[in-house]
Amino acid sequence: MDIESRLIETVIEAVHKIYDQAPDKKTIQIQKTRKDFDGDFTLVVFPLLRISKKPPEQTATELGDYLQENIKEISSYNVIKGFLNLSIDKSFWLSFLNSVGNNTNYGFIKEHEASNTVMIEYSSPNTNKPLHLGHIRNNLLGYSVSQILKSQGNKVVKVNLVNDRGIHICKSMLAWQKWGEGITPEKAGKKGDHLVGDFYVKFDQEYKKEISELIEKGSSEDDAKKNAPLILEAQEMLRKWEAKDSEVITLWKEMNSWVLAGFDVTYKELGVDFDKVYFESDTYKLGKALVEEGLQKGIFIKKDDGSVWCDLTDEGLDQKLLLRADGTSVYMTQDLGTAHQRFKDYDANELIYVVGNEQNYHFQVLKLILGKLGYSWSEYLHHLSYGMVELPEGKMKSREGTVVDADDLIAGMVTTAEEMSNELGKLDDYSETDKKNIVETIGLGALKYFILKVDPKKTMTFDPKESIDFNGNTGPFVQYTYARIQALLRKADEKNITITEEVETNSEISAKELQLIKFIHTYPEVLSESAKNYSPAMVANYVYELVKEYNQFYHDHPIFSESDESKVAFRLYLSAQVSKIIKSGMSLLGINVPDRM
RNA sequence: GGUCUCGUAGCUCAGUUGGAUAGAGCAAUAGCCUUCUAAGCUAUGGGUCGAAGGUUCGAAUCCUUCCGGGAUCACCA
């Protein structure tokens, strides 16, 4: 049993013995002592005053006496107002540190028989334009949350549902047909997703011209939008696609393959991957059967024009369309169907959708409707709703060209990392390949950390004019600390100093060293909390705090000039443990750490 | 208009079952490399936690109202 649980149990026991009353477990609040005070753990006694019927200081003292007597690890305690600060003996912390050293997967929980199967859908791009910064947040979050859930013993299935059909896809296709002159990514020397994206933009420009022409001729704006020749042609193309017209299908396959090849490059750069990729062209017809079923059961209603709806007014929402009057399905219909399919195929205990918060309503409705249909697993749906990435001027808009392109951004980060390395002259004696690898690791580390350190739920701002920092609370700062520790360990090796397998539990250690050990102690809790909250930000912030502490230690505690050999051994051991956790934590964020930089 | 959501230092963000004097980074200023990587460390300044009420031993955190931003409420996805 861990120390905190033991403290709680003993407090319950103490209250029972001293005040002859059983306290509610919730009233026992053990927290880490704030660093301005002496101690390791603090019991807040205010909630217990009702039971003790004595002043806070007296209650705290009585409990402190009992705890010290019954838990041998407690070396002393002090009372300030209603706070009982308990100090845990140094030997406890040192033997704890040894247990970390002996553990190759500290903080991680192995998959076991009762493990949950969690399916997580993320990325889910449209194949009509390249990925932008918003997609980067989605991808990094999805990947990182998968890693975190795995670390806590879950079986995780990462899936990507590629949106490869629909009117928006036809727009790029049509524009290519009209103005492409047979160009291909090879001929253009361009990534396929960017090339196709260009045609999507081209379509929109021409479409807008047509609209303004029609408006000049006296059409209303709505009519102009509906009747512009281009949009009619695109709609016609979609009909042909649905009718499996061979010419359209051939073009569709080709252009999609260009885009997907482009995405693969970006995914690889970002280091994200999937266990299963679904294509909407295969799944878009799912769901109709469920709607039929709902109609039979009388859960849905059919209107006079033949359209099918779900009435959610009792839940305080509106009516939701499920089938159009012509019998074709909408987004919701498909999502009902794919969710159903997935639970059938994987028997998952949880299905997480990493999708922006602009779709909160959609997922609320999705869950409600599945519940109405009587599927108990609707409870297992979870919308991991993340905030938008905005520019200082506001939302990114693809049509106004204000999007931050994913590939450009990644390349820019790597270039910045390279410039900085050159400026600092740190990599001068490295081979080009090594240099390239390190610089990529740093650039991507900066980008990923920048995105992931922010609470997923929150809208975040990105200013393209200010480059992402490499100093302070950043990825490179964490990586740098790791590289420094590796340098220490290499140097120890050169000096033939072997890192001890265990430290003496009676070693002399400084306050800062003790603080570091206590920090290490909280890692497992941080991981379990971040899994519960689907929040890589909690891991990022923890790693930052750890690294900050370590750098202070590094600054104040020289190692190789220290004459006391046991201190040298201890500091190297401690450093090694810290670097292990840095690497582990960063890997959960999908960030690599370099051995030198 | 209905529903949801956010508001913490000049800027970007921590602060999670309500706990002690609200914290970091960036930016600014002043220091620290003949000593393990200065992408580092130290110090200084910077706050009506959007506002007002309420709940209680205690509120940035919970409740109400208001102010200000954002999202959403399509036979789009």
Side-chain angles (χ1 to χ4, degrees), chain A residues 26 29 31 33-34 36-37 42 44-47 49-50 56 80-83 85 124 126 163 165-168 280 303 305-309 316-318 320-326 328-332 334-335 356-362 364-365 385 387-388 390 392 394-395 417 420-421 423-424 426 442 446 450 453-455 457-463 466 468-481 483-492 495 529 532-533 535 537-538 540-541 544-545 547-548 551-552 554-562 571-572 575 596-597:
Chain A
K26 281 179 203 146
Q29 293 181 36
Q31 48 197 239
T33 303
R34 294 178 60 129
D36 335 292
F37 301 93
T42 295
V44 185
V45 300
F46 292 110
L49 300 183
R50 241 174 264 260
I80 296 167
K81 292 195 260 179
F83 299 93
N85 300 320
S124 303
N126 293 338
N163 187 332
R165 64 161 286 282
I167 190 73
H168 50 295
E280 205 190 287
K303 294 203 172 169
D305 64 0
S307 58
V308 178
W309 300 73
L317 305 173
D318 297 326
K320 186 75 194 174
L321 178 84
L322 297 175
L323 284 179
R324 296 189 184 101
D326 64 6
T328 55
S329 54
V330 291
Y331 182 42
M332 182 59 74
Q334 296 171 38
D335 261 11
N357 62 14
E358 53 197 356
Q359 293 193 37
N360 284 353
Y361 183 76
H362 174 78
Q364 190 188 353
V365 170
S385 160
M388 300 287 101
E390 292 186 350
K395 230 183 145 177
M420 200 160 289
S421 293
E423 205 177 299
L424 296 168
K426 296 219 176 190
I442 298 170
F450 175 81
K453 77 170 176 185
V454 181
D455 182 338
K457 291 194 288 289
K458 290 198 173 173
T459 308
M460 63 181 290
T461 311
F462 173 80
D463 189 347
E466 287 177 39
I468 293 174
D469 267 316
F470 283 63
N471 300 318
N473 186 357
T474 67
F477 171 60
V478 177
Q479 291 172 322
Y480 175 70
T481 308
R484 265 178 156 183
I485 298 175
Q486 298 318 298
L488 284 181
L489 300 179
R490 279 194 302 272
K491 186 161 181 181
K495 290 183 165 246
E529 282 299 304
K532 257 182 227 154
N533 292 288
S535 174
M538 296 176 94
N541 286 310
Y544 172 65
E545 295 290 338
V547 161
K548 211 170 128 62
N551 277 313
Q552 290 164 2
Y554 179 93
H555 185 263
D556 299 334
H557 298 70
I559 294 181
F560 297 110
S561 58
E562 171 62 52
R571 287 171 189 172
L572 284 170
S575 299
R596 53 194 85 199
M597 68 185 268

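A, B, ... follow the sequence lines: proteins, then strands. Residue 1 opens every chain. What you see below is based on every heavy atom in this structure, not just the backbone, and it leaves out hydrogens, waters and symmetry mates.
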Q.
Evaluate A/Phe477 against A/Phe470 for ring-ring contact (aromatic ring centres under 6.0 Å, His included), listing each step before the verdict.
A. CA-CA 7 Å; A/Phe477 171 60; A/Phe470 283 63; over 10 Å; no
(Q) Could you work out, with side-chain hydrogen bond (donor to acceptor under 3.5 Å, both in side chains) as the rule, every residue matching A/Tyr554, not counting sequence neighbours? (A) none
Q: Determine the contact category for A/Asp463: base if any of its heavy atoms lies under 4.0 Å from a base atom, sugar-phosphate if only primed atoms, P, OP1 or OP2 are that close, otherwise nothing.
A: nothing
Q.
Can you identify which nucleotide, out of B/U37, B/A77, B/G23, has its nearest atom closest to the A/Arg34 side chain?
A. B/G23
Q. Looking for any heavy atom pair under 4.0 Å, which part of the strands does A/Asn85 touch: base, sugar-phosphate only, or nothing?
A. base
Q.
Suppose you measure atom P in B/U29 against the same atom in B/C67; what distance do you get, rounded to whole Å?
A. 42 Å
Q: Taking only the side-chain heavy atoms of A/Thr33 (C-beta and beyond), determine which of B/A39, B/C36, B/A20 contains the nearest atom.
A: B/A20
Q: Using the P atom as the reference point in each nucleotide, state the distance between B/U21 and B/C36 in Å, no decimals.
A: 43 Å
Q: Sticking with atom C1', work out how far B/A28 lies from B/U37, rounded to a whole angstrom.
A: 27 Å
Between the protein and nucleotides 12-14 of chain B, which nitrogen or oxygen pairs come in under 3.5 angstrom?
from	atom 1	to	atom 2	distance (Å)
B/C13	OP1	A/Thr461	N	2.7
B/A14	OP1	A/Asp455	N	2.6
B/A14	OP2	A/Lys458	NZ	3.0

Q. Starting at CD of A/Gln334 and ending at C1' of B/A77, how long is that distance when rounded to a whole Å?
A. 8 Å
Q: Select base, sugar-phosphate, or nothing to describe what A/Phe46 touches, counting heavy atoms under 4.0 Å on all strands.
A: base
Q) Could you give the distance from CE (A/Met597) to NZ (A/Lys426), rounded to the nearest 0.5 Å? A) 7.0 Å
Q. How long is the gap from CG on A/Asn541 to CG on A/Asn473, to the nearest 0.5 Å?
A. 6.5 Å
Q) Is it the case that A/Lys303 places NZ or CZ above or below the six-membered ring of A/Trp309, under 6.0 angstrom from the centre and within 45 degrees of the axis? A) yes
Q. Are A/Phe83 and B/A20 stacked, counting the six-membered base ring, centres under 5.5 Å, planes under 30°?
A. yes
Enumerate all atom pairs, one protein N or O and one N or O from nucleotides 41-44 of chain B, separated by less than 3.5 Å.
from	atom 1	to	atom 2	distance (Å)
B/C41	O2'	A/His555	ND1	3.1
B/U42	OP1	A/Gln552	NE2	3.0

Q: Check whether any side-chain nitrogen or oxygen of A/Arg324 sits under 4.0 Å from OP1 or OP2 of B/C76, and answer yes or no.
A: yes
Q: Go through B/U72, B/A77, B/A39 for me and flag the one nearest to the A/Val330 side chain.
A: B/A77
